[in-house]
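None of the values given here were measured: they were computed from a predicted structure. Both ligands and their constituent atoms are indexed starting at 1 by order of listing. Throughout, residue positions are numbered sequentially from 1 according to the sequence presented.
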Amino acid sequence: MAASAKKTPSQNGTTAPASPISGNRIVTLDEFIIRSEKDFDYATGELTGLLRDIGVAAKIVNREVNKAGLVNIIGVADSGENQSGDMQQKLDVYANEKLIECLKNSGECCAVASEENDDYIQIPPVGSKKSHYIVMFDPLDGSSNIDVNVSVGTIFAIYRRKSDPSGPATKEDFLQAGVKQVAAGYVLYGTSTLLVYTTGRGVNGFTLDPSIGEFCLSHRNMRIPENGSTYSVNQGYYSKFDLEMRRYIDNCSDQNYGLRYIGSMVSDIHRILIQGGIFLYPSTRKYPKGKLRLLYECNPLSMIVEQAGGKAMNTQLKRILDVVPTELHQRCTIAIGSPAMVDELKAFIERYSALPL
Ligand code: AHG
Ligand code: MN
Ligand code: MN
């Protein structure tokens, strides 16, 4: 039986308590990045610049997300003027613009690709500086949750470019397997605002202290629990899932696992990172290849989860980070979370797909 005994709620393996580098001193994101630069395989300062740019954008987006209920910024991008006569702008378009704008600051990023743009965008060089990185992002994940005051996020992935740094970026720079990410992270605009990132040497989280306007180290060396007691899937699509997925979900229910689904992938993954569990977005009739995007949703979150000790695969049982993309906005199926739960699902898929139809 792939089904294991009922799992106890995980308490171990969650994030370390708020823990500055030494003593009780507050450690800001900038300081932490600078101190960790020696762990980064490439030139000193490059990553600092990129992460700092993203951190600044996150603060600006956070400010707007926070006042979404106050100002009439919510609504469709082309809906014209708001009550005060300002042009209305949808928040994901706003977040997209701010990220692009901020990534121009350090001169480390030569091009970006985003959920909000059909094609990648070149970033003009800063002086004679050669930029070695491209950044991909989902500027606002779960954006339909804005109107109902539920957590949303930003997801980002950083790659070293393959093309010659003296010329423009090329599509090949973007179509790299997730295993090539040099850094990845997310920002969660929740009850507090958190920036979580990895450069391939563990995962650390920083909570925004609004009183000083700084992200401060709050979740050091995050580790996902080996197992969990909740699953996260849009169960409304149950009848549209493949047999093996339906059987796995039945098993979750039989095992009395709790169902938790926020509808913002960042929020669901963050909970799983802390408490354990599994997140699923399998193929449906509407989205036979899955709904979520490989390059700026699944890859960065898979890197984070793997770096925290978890697993991420598609429903063909291939490791997400090994998938070589062919399109910028490629979709994929995903199962991601606590390693024991991903392994259990794998056993279900192997068993049920071997059955005669
Ligand atoms: P986005 O807001 O960037 O388009 O992403 C929404 C995604 C993801 O965050 C979430 O897990 C999923 O869509 C929810 O989809 P369903 O409503 O189909 O469950
Ligand atoms: Mn998204
Ligand atoms: Mn989005």
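Looking at D138, its N, O or S atom nearest to the Mn ion (ligand 3) turns out to be OD1. Atom OD1 is the N/O/S atom of D141 found closest to the Mn ion (ligand 2). Among the heteroatoms counted here (N, O or S) of E297, OE2 is the one nearest to the Mn ion (ligand 2).
E46 and R160 are joined by a salt bridge, as a carboxylate oxygen and a charged side-chain nitrogen come within less than 4.0 angstrom of each other. Taking 4.0 Å as the cut-off between side-chain N and carboxylate O, K129 and E108 count as a salt-bridged pair. Between R52 and D30 there is a salt bridge, since at least one side-chain N of the basic residue sits less than 4.0 Å from a carboxylate O of the acidic one. The existence of a salt bridge linking R25 and E31 is confirmed by a sub-4.0 Å separation between a basic side-chain nitrogen and an acidic carboxylate oxygen. A salt bridge links R319 with E306: at least one charged nitrogen is closer than 4.0 Å to a carboxylate oxygen. Under 4.0 Å is where a charged nitrogen must lie from a carboxylate oxygen, and between D138 and R293 no such pair does.
Among all non-hydrogen protein atoms, the one lying nearest atom 9 (O) of ligand 1 is D141 OD1, 2.7 Å. What sits closest to atom 14 (C) of ligand 1 on the protein, heavy atoms only, is Y261 OH, 3.3 Å. Protein heavy atom in closest approach to atom 10 (C) of ligand 1: G263 O, 3.3 Å. Atom 15 (O) of ligand 1 has K291 NZ, 2.9 Å as its closest protein atom, hydrogens excluded (heavy atom only).
Counting heavy atoms closer than 4.0 Å to ligand 1, residue N234 contributes side-chain atoms (C-beta onward) but none from N, CA, C or O. Contacts of S143 with ligand 1, taken as heavy-atom pairs under 4.0 Å, involve both backbone and side chain.
Relative orientation of the H329 and Y296 rings is perpendicular, given thresholds of 30° and 60° on the angle between their planes.
Numbered from 1 in the order shown, with element, the atoms of ligand 1 that lie under 4.0 Å from a heavy atom of Y237 read 16 (P), 17 (O), 18 (O). Near S264, the atoms of ligand 1 lying under 4.0 angstrom from a non-hydrogen atom of the residue are 9 (O). Distances below 4.0 Å separate heavy atoms of E297 from the following atoms of ligand 1: 3 (O), 5 (O). Taking every heavy atom of D138 and a limit of under 4.0 angstrom, the matching atoms of ligand 1 come to 3 (O). Using a 4.0 Å cut-off to heavy atoms of E115, the atoms of ligand 1 that qualify are 1 (P), 3 (O), 4 (O).
Heavy-atom separations between S144 and ligand 1 are all 4.0 Å or longer. Heavy-atom distances between Y281 and ligand 1 reach below 4.0 Å in at least one pair. For L140, the heavy-atom gap to ligand 1 drops under 4.0 angstrom. Look at L292 and you'll find a heavy atom under 4.0 Å from some atom of ligand 1.
Checking only distances, M265 does come within under 3.5 Å of ligand 1, N or O to N or O. Here's the thing with G142: one of its N/O atoms is less than 3.5 angstrom from an N/O atom of ligand 1.
For a distance bound of 2.8 Å, the N, O or S atoms of L140 include one lying that close to the Mn ion (ligand 3). Among the atoms of E115, an N, O or S atom falls under 2.8 Å from the Mn ion (ligand 3).
The neighbour count for N149 CG, taken as heavy atoms of other residues, nucleotides or ligands under 6.0 Å away, does not exceed 12. Within a 6.0 Å sphere centred on CG of D118, other residues, nucleotides and ligands contribute 12 heavy atoms or fewer.
Judged by a 6.0 Å distance limit and a 45° cone about the ring axis, R35 is not positioned over the six-membered ring of F32.
Close placement of the F348 and Y248 rings is indicated, their centers lying within 6.0 Å of each other.
Looking at N117, its side chain never comes within 3.5 Å of a backbone N or O of Y120 through a donor-acceptor pair.
Summarising the geometry of G213 relative to K59, their closest heavy-atom pair is O-NZ, 2.7 Å, with the distance given to 0.1 Å.
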